[in-house]
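The structure presented is a predicted model; accordingly, all values stated were derived computationally and were not measured. Naming: A, B, ... by sequence-line order, numbering from 1 per chain.
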There are 2 protein chains.
Amino acid sequence: MKIDELDVRIVELFSEDAGIGVLAASRLLGVARATVQSRLDKLRAAGVVQGMAPTLNPANFGYPVMAIVSIEIVQGMGHVPVGTALREIPEIVEMYTVSGDHDVMVRVVARSNDDLQRVLDSVSSASAVNRTRSVVVLQTHFQNRVLPLFAHVGGAAERNAE
Amino acid sequence: MKIDELDVRIVELFSEDAGIGVLAASRLLGVARATVQSRLDKLRAAGVVQGMAPTLNPANFGYPVMAIVSIEIVQGMGHVPVGTALREIPEIVEMYTVSGDHDVMVRVVARSNDDLQRVLDSVSSASAVNRTRSVVVLQTHFQNRVLPLFAHVGGAAERNAE
DNA sequence: GGGAACGTGAGCATTGTGTTCAGCCTATGG
DNA sequence: CCATAGGCTGAACACAATGCTCACGTTCCC
C-alpha cells in the first residue's frame, strides 16, 4: 500500500472529527469529493483504516486506575487457555502474548486502588496463571498515537525511498 | 455519569460502524431519533465518548512488528524531559509513567525485527534514559477492548452479549 | 401538587450521500 | 513516439440524514 500526503491529510481530518463528512473534507483539502471518497475506500480496503469507532475513555465512566500486568503461565500449558480465561475479565482492555521472561502482558483498569486489588486477584486466579507482576500506571502520556507515524510514512514517500 | 443499557447499545452500534448515523441507530433500537441524539450529546459532554476516530492499524501500513519497552531513567531527572524526548519518536504509539522498578513503559512498532533494533536504539539514546528492557509482542489478542467493560457498567452483566 | 428531567413524534429547511458519467491529465510501457 | 491505464475532476441525480425546534405525555422526587 502506497500512502501519500493526501491520504494522511484525509485521515488527520477524520481523526479530529469523524463526523466531518466526505464533502466537507474535500472542500477543506481543495480536492474533488470523489477523490476523497475513493481514497477512503482504498484505505479501508487495504485495512489501513479498520473502521470508525467512538473512543471510550474508562477514566470517565468510573475506571480511573490503570495497571500493566506481566503474567507467567505454568509450564506445559499453551497460551490458548490463558487467553480464553482472561478474555472473560472485562477490566482487561489490552492483551498480548510476548517473548521474554513473562508470557502474557495485559493492561487493566479499575475503579480504585482497592478495586485494582480485586482485578489483579481475578487475573491471578485464572487457570494456567503461575505468577504475575504488576505496575501501576501513574500518568498516561498518550495512547494509540498512530497519526504521527502515519504522517511519517506519508511524508517519507517523496523524500525517502521505501 | 450514570450509564444505562440504552447508552451501551448506542455505543455498541456506533462501534460497529460509526457511519451508521443517528437515524438508523434510533430505528434499530426502537427509540426516537432525538433520544439517541441527546444520549450521544451527553456521553460526549461527560467525556465518556471522546470522539469518533478512524482506527489505524500500523500492521497494515508497514509496521507489523511490535514491542513493549520498560525504561529506567537516570536518577535525579524528572520524567518530563524523557517524555518530551520520546514524544518525538513516531514509532512510539503508547507511553506511560509507571510505578515499580522501571519508570516509563512504551509500546513501539517497527517495520521488521531489524528495524526494531533501530527503534530501540533511538529510545535508548534519548536523553535521561538509563536502561531499557524490551519484550517482543508475539500475538495481539486484543487492543483497546473497552466495550465489554462499558457494557458491564451499563448493567448488562447478567445479559450475555455478542 | 409542582416541577424537573426525560422520551416522543412531528415538522422544517438545509445539507450530505451514493452513484454514475464523460472529460482531462500524467505516468508507464510497447 | 504513441497508446493505454489509472487517477482526478466537476457535475448530475434522487434520496436520505441532519440540526433544530416544538408541544405533549411520563415518571420520579422534593
Practice task
Verify, without hydrogens or angle tests, whether B/Arg145 (side chain) and A/Arg87 (backbone) share a donor-acceptor contact under 3.5 angstrom.
Solution key: yes
Exercise for the section: Take atom CE of B/Met52 and atom P of D/dT18, then tell me their distance rounded to the nearest Å. Expected result: 11 Å
Practice task
Ignoring hydrogens and angles, state whether a donor on the side chain of A/Gln117 or A/Asp121 is under 3.5 Å from an acceptor on the partner side chain.
Solution key: yes
Handout entry: Side-chain donor-acceptor contact under 3.5 Å, B/Arg107 with B/Tyr96
Key = no
Fill in the blank from the handout: Atom CD1 of A/Ile20 and atom P of C/dG16 are separated, to the nearest Å, by 10 Å
Practice task
Evaluate side chain to side chain contact (heavy atoms under 4.5 Å, CB included) for B/Glu12 paired with B/Leu147, printing each intermediate quantity in order.
Solution key: CA-CA 7 Å; B/Glu12 281 176 348; B/Leu147 240 64; 3.9 Å; yes
Exercise for the section: Would you please confirm or rule out a distance under 4.0 Å between OP1 or OP2 of D/dA17 and any side-chain N or O of B/Arg27? Expected result: yes
Handout entry: Protein-nucleotide distance (B/Leu29, atom CG; C/dG9, atom C1'), rounded to Å
Key = 17 Å
Completion exercise
The nucleotide from D/dT18, D/dC8, C/dT8 with an atom nearest the side chain of B/Thr35 is C/dT8
Completion exercise
Which of D/dT9, C/dT8, D/dT18 is nearest the side chain of B/Leu23? It is D/dT18
Problem - B/Val65-B/Ile89 co-clustered via ILVMFWY side chain contacts under 4.5 Å - result: yes
Practice task
Indicate whether the side chain of B/Glu91 and that of A/His152 have a donor and an acceptor atom separated by less than 3.5 Å.
Solution key: no
Practice task
For each nucleotide in nucleotides 20-28 of chain D, reading 5' to 3', give B when a protein heavy atom comes within less than 4.0 Å of its base, S when such contact involves only the sugar-phosphate, and - otherwise.
Solution key: B--------
Exercise for the section: Starting from P on C/dT8, measure out to CG on B/Leu6 and report it in whole angstrom. Expected result: 8 Å
Exercise for the section: Using whole Å, report how far CG of A/Asp41 lies from C1' of D/dG7. Expected result: 14 Å
Exercise for the section: Would you kindly confirm whether B/Val49 and B/Leu13 end up in one hydrophobic cluster when ILVMFWY residues are joined by side chain heavy atoms under 4.5 Å apart? Expected result: no
Problem - Atom-pair distance (CG on B/Asp4; P on C/dC6), nearest Å - result: 11 Å
Problem - Whole-Å distance separating the CG atom of B/Leu40 from the C1' atom of C/dC6 - result: 16 Å
Problem - Whole-Å distance separating the CG atom of B/Asp17 from the P atom of C/dG18 - result: 10 Å
